[in-house]
Amino acid sequence: MTDGTDAGTEHGLSARDEAVLAVERRSWPGPGAKERAIREQLGISPTRYYQLLNALLDDPRALAHDPVTINRLRRVRDARRARR
């Protein structure tokens, strides 16, 4: 995968950012499958993946690219914050 410094797409996201959102959009069969896919498809650790994903939640370009996924993740994040 790229290092995130490549030119943006029509939405202004890097190819890596779009790939992160694509992984998050999928459903996963069981524990470990998503983490394995993150390492194999993106070439990054799951920790780094979640750091990138969390940054994308507040990026208007990500919202324009994939509003369903971003809004779902924002709701989950807001619910977690409300429980604290």
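Fair warning: this is a prediction, and the values are worked out from it, not measured in the lab.
Ile70 and Leu56 get closest at one heavy-atom pair: CD1-O, 3.9 Å. Summarising the geometry of Arg61 relative to Gly12, their closest heavy-atom pair is NH1-O, 2.8 Å, with the distance given to 0.1 Å.
Here CG of Leu53 is found 11.5 Å from CG of Asp59. Values are rounded to the nearest 0.5 Å. Distance NZ/Lys34 to OG/Ser27: 10.5 Å, rounded to 0.5 Å. With rounding to the nearest 0.5 Å, the separation of CD1 in Ile44 from OH in Tyr50 is 10.5 Å. Rounding to the nearest 0.5 Å gives a distance of 8.5 Å between CD of Glu18 and CZ of Arg25.
Side chains of Leu42 and Leu52 form no contact here, defined as non-hydrogen atoms less than 4.5 Å apart. Side-chain contact between Gln41 and Val23: present, with at least one pair of heavy atoms (C-beta onward) separated by less than 4.5 Å.
One hydrophobic cluster, built from ILVMFWY side chains closer than 4.5 Å, cannot hold both Val76 and Leu63; they sit in different ones.
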Check against side-chain contact (heavy atoms from CB on, under 4.5 Å), Val68 and Arg72: CA-CA 6 Å; Val68 173; Arg72 175 179 55 83; 5.6 Å; no

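The backbone N or O of Leu57 lies less than 3.5 Å from a partner atom in the side chain of Arg74, making a donor-acceptor pair.
Between the side chains of Tyr49 and Glu24, at least one donor N or O lies within less than 3.5 Å of an accepting N or O.
Checked for salt-bridge contact, Arg77 and Asp58 meet the test: a charged N lies under 4.0 Å from a carboxylate O.
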